[in-house]
Asker: 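Dumping the structure here so I can ask a few things about it.
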Amino acid sequence: MCSSDLNEVRFLTTRLGQIIREQAGEKAFTQVEQLRVLAKAIRAAHNPQDIRAKRRLVNSLSVTAANQIAHAFSLFFQLTNLCEERARVRHLQSQDAPSQSVRRLFRELKSAHVPATTVQRCLDALDIQPVLTAHPTEAKRRSALNQILRLTGQVDKPDEILEALWQTQEIRDKKVGPLDEVENALFFFDHAIFDTVAHFYAAFDAALAEYYPEVKRTRAFLTFGSWVGGDRDGNPFVTPEVSLRTATRHAEMIRQHYDQECDRLITELTHAAPRPVKRPNEELPFQPSEVYRHEAVAIRRRLQGRYARPEQFIRDLEQIEAGLRKQNAHRAANGRVAQLIAQAQTFGFHLAELDFRDHSGKLQTAPDELLEEMRTIQHLQRERGSAAANHFILSMTRSAADLRQVARLAQRARVRALEIVPLFETIDDLDRCTGILRELWSDADYRAHLNRRDNVQEVMLGYSDSNKDGGYLAANWFLYRAQKQIAELADEHGLKIRIFHGKGGTIDRGGGASHRSLRAQPHAAHGGRIRITEQGEVISLKYSNPHIAQRNLEQLTSAVIAANCLPATPVKPEWEATMDALARESFSFYQQLVYQTPEFEQYFWEATP
C-alpha cells in the first residue's frame with residue numbers, strides 16, 4: 001500500500017477507536033489498545049516479556065470484555081481489508097491494460113502472432129463456469145456485510161456506519177440452514193454478479209474488437225453454477241424439497257432482476273422512433289413515437305409468465321437494440337439494453353445450474369435416496385429446463401461400476417439430460433482414475449449416453465481431500481498428473497473433457513492465484529472447458545466488490561484462453577520422473593507421520609487453536 005492507502009486505514013481505524021471509546025467506555029478502549037500495541041511488538045521482536053504481558057492481559061479479561069475485544073479486532077481487520085480492496089480497485093483503474101486482464105490477453109496474443117482462426121476456434125469451444133458453494137466456516141452475517149458495503153460509498157463520513165457495526169451482532173445465534181445458505185449466495189448475485197457479468201462481457205467484446213475485429217463472440221461462454229441447496233454429501237438437511245425451493249428462489253431472483261431492469265428501460269428509452277406505434281396503449285402516458293418504451297412495457301408484462309424460454313426474451317431485447325442502432329442511438333444500444341441481453345444469455349430464467357452431489361456409499365446403503373434425487377432433477381428439468389439442474393457429482397468414485405449404476409438410476413427416473421461426474425479425491429483415486437475412465441468409456445451403453453451429451457465428459461478432482469490424504473507436494477503432483485492423463489485419454493477416445501476443479505479458499509485446499517495455477521497446468525482447461533468451485537469462505541472476498549469480481553472473472557478467462565492459444569512450456573520427461581519420485585516419497589512420509597504416528601493427534605490438538 002502507498003502512503004495515501006495507509007492514511008485511509010489509519011483514518012478508519014482511528015474513527016473505530018473513537019466509536020469503541022464512546023460506546024464501550026474508556027476501559028474497553030484501553031484494553032484494545034494495549035493488546036494491539038503488544039501484538040505489534042511481539043510481531044516485530046518476539047520478546048518473551050511482551051508475550052507474557054499479552055497472556056496476562058488476555059487471561060485477566062472477563063467474558064464480556066473478551067467478547068468486546070474480539071469484536072473490536074474483527075472490525076479492525078474488516079476495515080483494513082476494505083481499504084486494501086479499495087486500493088486494488090484504484091490500482092486497476094489507473095492502468096490501461098492490467099496484467100491478466102482480457103485486454104492484456106488479446107494484446108499478448110496479437111504480439112505472439114496467434115492467428116484469428118485459432119482465437120475463433122478457442123472462443124467457439126470456450127466453456128467457463130464458476131460454481132458457488134456453501135462452507136461451514138463462513139459465519140459472517142449479511143447484516144454486517146451490508147454495513148461494510150455501505151461504508152465503501154462513504155469512507156469520508158464513516159461514524160454512523162461504524163456505530164451500526166459496533167452495535168451489530170456479527171455471529172449468528174442459531175445454526176445456518178440450507179435455505180439460509182441459499183439466501184447468502186443469492187446476496188452476491190444481486191449485489192455484484194449481475195452487473196459484473198454485463199461489464200465483463202462489454203470489456204471482453206471491446207478488447208476482442210480492438211485486437212481481433214474479425215473474431216466474434218457468438219454466445220455466453222461464462223455462466224454460473226451452485227452447490228448451495230443441492231450438495232447432499234455430508235449434509236442430511238439438503239432434501240429434495242430444499243432443492244426444489246432453491247431452484248424456485250433462483251428463478252424468482254433472476255426474474256425480479258429482469259423486471260427491475262425493464263422498469264429502468266421504460267424510464268430511459270425516451271427516443272422517438274422513425275415509425276410510431278400504430279395502435280398505442282392509451283393507458284400508457286407515452287407518445288406514439290416512443291416505440292421502445294411501449295416495447296419495454298410489453299416485455300415486462302411477458303416476463304410474468306408468457307415467455308416459455310429465455311431465447312424469446314433475448315430476441316425481443318435484440319429487436320430494441322437493433323432499432324436503436326439503426327437510428328444511430330449507439331450509446332443507448334450499448335448501455336442497459338446490451339447489458340440486459342448479456343445477463344439474459346448468462347443467467348437465462350434459471351440463474352445458475354444447481355448441482356446435485358452425493359456420496360458413492362449410498363449406491364449400496366441408500367439407493368432409494370439417490371433415485372429420489374434423480375426424480376428431483378427430472379422435475380426441475382421439466383419445470384425449468386435442463387439448464388436449471390443437469391449435473392450429478394458422485395463423491396469418492398471408486399469404480400466404473402459406480403458410474404454405470406448412477407446412469408441406471410437416472411434412466412429409471414427418466415432424466416433426459418444429465419452430466420454424470422466422477423469425483424476423485426484421494427491420492428489413490430487420482431492415481432487410478434484413468435483406469436476407471438478407460439473402462440467406463442469402453443462401455444457401449446455409457447458411450448451412447450455421452451453421444452447424447454455431445455461427447456463431453458466432466459471429471460471433478462478434489463484438491464482439499466487429496467491434500468489431507470497425501471500432503472501438499474504429493475496432492476499437487478497427482479492432480480497435475482491426473483489432468484494430463486485424463487486429457488490424453490479423452491483425446492484417444494475422441495471425447496471432449498471438462499475438468500471440474502474442486503478447490504478451497506486456502507493454499508492447502510487448492511486456493512491461491514487461479515490465473516497462475518491454470519497457466520502452470522496446461523491440461524486444467526483442456527479444449528477451453530473448465531468448472532471451478534468458489535468456496536463459501538472466499539466468495540465474499542471475490543464477489544463483494546463489482547470491480548474485484550470483474551477482475552476475478554477476467555483473470556480466470558484470460559488464463560483459460562491463453563492456455564489454449566499460446567504454446568505450453570515444454571516439459572522434459574526426466575522432470576516428470578523426478579517429480580513423481582519426490583511425490584511418492586513425500587506421500588509415504590506424510591502418511592507415516594499423520595496416520596501412523598500415535599503422538600501426532602495429541603500434537604495436532606495441542607498446537608491447533
Side-chain angles (χ1 to χ4, degrees), residues 123-130 189-190 193-206 208-209 215-226 247 250-269 271 273 277 291-327 329-354 380-381 383-390 417 454 550 553 557:
L123 294 192
D124 290 344
L126 206 59
D127 181 6
I128 301 173
Q129 189 174 78
F189 279 97
D190 188 44
I193 295 176
F194 289 151
D195 288 343
T196 296
V197 162
H199 295 146
F200 164 81
Y201 277 121
F204 185 94
D205 292 344
L208 181 64
V215 176
K216 303 299 178 186
R217 177 179 67 85
T218 57
R219 59 190 176 80
F221 58 78
L222 177 79
T223 58
F224 283 81
S226 178
H250 283 186
E252 289 172 348
M253 168 156 279
I254 192 58
R255 285 185 182 263
Q256 181 182 7
H257 173 74
Y258 294 155
D259 182 77
Q260 292 170 346
E261 291 300 293
C262 285
D263 187 45
R264 294 185 176 105
L265 287 177
I266 293 168
T267 301
E268 295 171 1
L269 297 181
H271 307 65
V277 179
V291 173
Y292 306 117
R293 302 181 86 177
H294 286 274
E295 290 181 0
V297 169
I299 290 172
R300 191 181 185 193
R301 288 175 176 170
R302 293 184 198 118
L303 278 170
Q304 305 310 311
R306 291 179 59 188
Y307 285 126
R309 303 188 315 277
E311 291 79 10
Q312 298 167 327
F313 174 49
I314 293 167
R315 185 183 61 241
D316 287 349
L317 290 171
E318 288 175 338
Q319 289 178 353
I320 293 179
E321 181 188 38
L324 290 167
R325 293 193 189 284
K326 190 174 181 179
Q327 66 182 67
H330 297 290
R331 293 173 182 83
N334 292 331
R336 193 178 304 279
V337 179
Q339 293 174 8
L340 187 51
I341 290 171
Q343 291 165 345
Q345 291 171 338
T346 302
F347 303 110
F349 288 154
H350 64 284
L351 180 69
E353 292 186 26
L354 183 62
L380 288 174
Q381 292 185 353
E383 295 293 318
R384 306 192 182 281
S386 61
N390 58 45
D454 194 30
Q550 182 173 339
L553 297 182
T557 301

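Along the sequence shown, residues carry numbers from 1.
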Asker: Answer yes when E311 and R315 have at least one side-chain N-carboxylate O distance shorter than 4.0 Å, and no when they do not.
Answerer: no

Asker: Would F347 and F194 count as a ring-ring contact (aromatic ring centres under 6.0 Å, His included) if you check the C-alpha gap in whole Å, the side-chain angles of each, and the deciding distance to 0.1 Å?
Answerer: CA-CA 9 Å; F347 303 110; F194 289 151; 5.2 Å; yes

Asker: Over 60° means perpendicular and under 30° means parallel, so classify the ring planes of Y201 and F221, tilted if in between.
Answerer: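 It falls in the perpendicular class, over 60°.
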
Asker: Does the side chain of R325 come within less than 4.5 Å of N334's, by heavy atoms?
Answerer: yes

Asker: To the nearest 0.5 Å, what is the distance between CZ (R302) and CG (D316)?
Answerer: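 Taking CZ in R302 and CG in D316, the distance rounds to 4.5 Å.
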
Asker: Do L222 and F204 come within less than 4.5 Å of each other through their side chains, counting heavy atoms only?
Answerer: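 No, their side chains stay 4.5 Å or more apart.
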
Asker: Quick one, T557 and F200 - any side-chain contact, counting heavy atoms below 4.5 Å?
Answerer: yes

Asker: Are side-chain heavy atoms of L553 and I128 found at a separation under 4.5 Å?
Answerer: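 They are not in contact (no side-chain heavy atoms under 4.5 Å apart), so the answer is no.
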
Asker: Rounded to the nearest 0.5 Å, what separation is found between the CD atom of Q256 and the CD1 atom of I254?
Answerer: 10.0 Å

Asker: Return the CZ to CG distance between F349 and L303, rounded to the nearest 0.5 Å.
Answerer: 6.0 Å

Asker: Any side-chain donor-acceptor pair under 3.5 Å between T223 and Q129?
Answerer: yes

Asker: Taking all non-hydrogen atoms of both residues, which atom of A417 and which atom of N390 are closest, and how far apart?
Answerer: O-CB, 3.7 Å

Asker: Sequence neighbours left out, what passes salt bridge (charged side-chain N to carboxylate O under 4.0 Å, His left out) with D205? Give chain and number order.
Answerer: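 D205 satisfies salt bridge (charged side-chain N to carboxylate O under 4.0 Å, His left out) with R217 once adjacent residues are dropped.
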
Asker: Looking only at heavy atoms, which two atoms of A203 and Q550 are closest? And how far apart?
Answerer: CB-NE2, 3.6 Å

Asker: For the atom pair CZ (R293) and CD1 (I320), what is the distance rounded to the nearest 0.5 Å?
Answerer: 12.5 Å

Asker: Any non-hydrogen side-chain atom of T218 less than 4.5 Å from a side-chain atom of D124?
Answerer: yes

Asker: Does L340 form a side-chain contact (heavy atoms from CB on, under 4.5 Å) with F313? I'd like the steps, not just the answer.
Answerer: CA-CA 10 Å; L340 187 51; F313 174 49; 4.1 Å; yes

Asker: Decide side-chain contact (heavy atoms from CB on, under 4.5 Å) for I299 and L265; before the verdict, give the C-alpha distance in whole Å, the side-chain angles of both, and the deciding distance to 0.1 Å.
Answerer: CA-CA 10 Å; I299 290 172; L265 287 177; over 6 Å; no

Asker: State, to 0.1 Å, how close Y258 and G348 come at their nearest heavy-atom pair, and which atoms those are.
Answerer: OH-O, 2.7 Å

Asker: Restricting to non-hydrogen atoms, name the atom on I314 and the atom on A344 that form the minimum distance, rounded to 0.1 Å.
Answerer: CG1-CB, 3.6 Å

Asker: Can you name the closest pair of heavy atoms from A125 and R219 and give their distance?
Answerer: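 What the structure gives for the nearest pair is C-NH2, 3.4 Å.
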
Asker: When rounded to the nearest 0.5 angstrom, what is the spacing between CE in M253 and CZ in R255?
Answerer: 14.5 Å

Asker: May I ask you to decide if R301's main-chain N or O and Q304's side chain share a donor-acceptor pair within less than 3.5 Å?
Answerer: no

Asker: Answer yes or no: is there a side-chain heavy-atom contact under 4.5 Å between Q343 and D195?
Answerer: yes

Asker: On a heavy-atom basis, which atom in R336 and which in R264 lie closest, and how many Å separate them?
Answerer: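 Nearest heavy atoms, R336 then R264: NH1-CD, 3.3 Å.
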
Asker: Is there a donor-acceptor pair under 3.5 Å between the side chain of R300 and the backbone N or O of E261?
Answerer: no

Asker: Just checking, any donor-acceptor pair under 3.5 angstrom between side chains of Q327 and H271?
Answerer: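 Looking only at side-chain atoms, H271 and Q327 do not form any donor-acceptor pair under 3.5 Å.
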
Asker: Got a second to check how far Q260's CD is from D190's CG, nearest 0.5 Å?
Answerer: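 Output value for this atom pair is 7.0 Å.
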
Asker: So, Q381 side chain and A389 main chain: donor-acceptor pair closer than 3.5 Å or not?
Answerer: yes

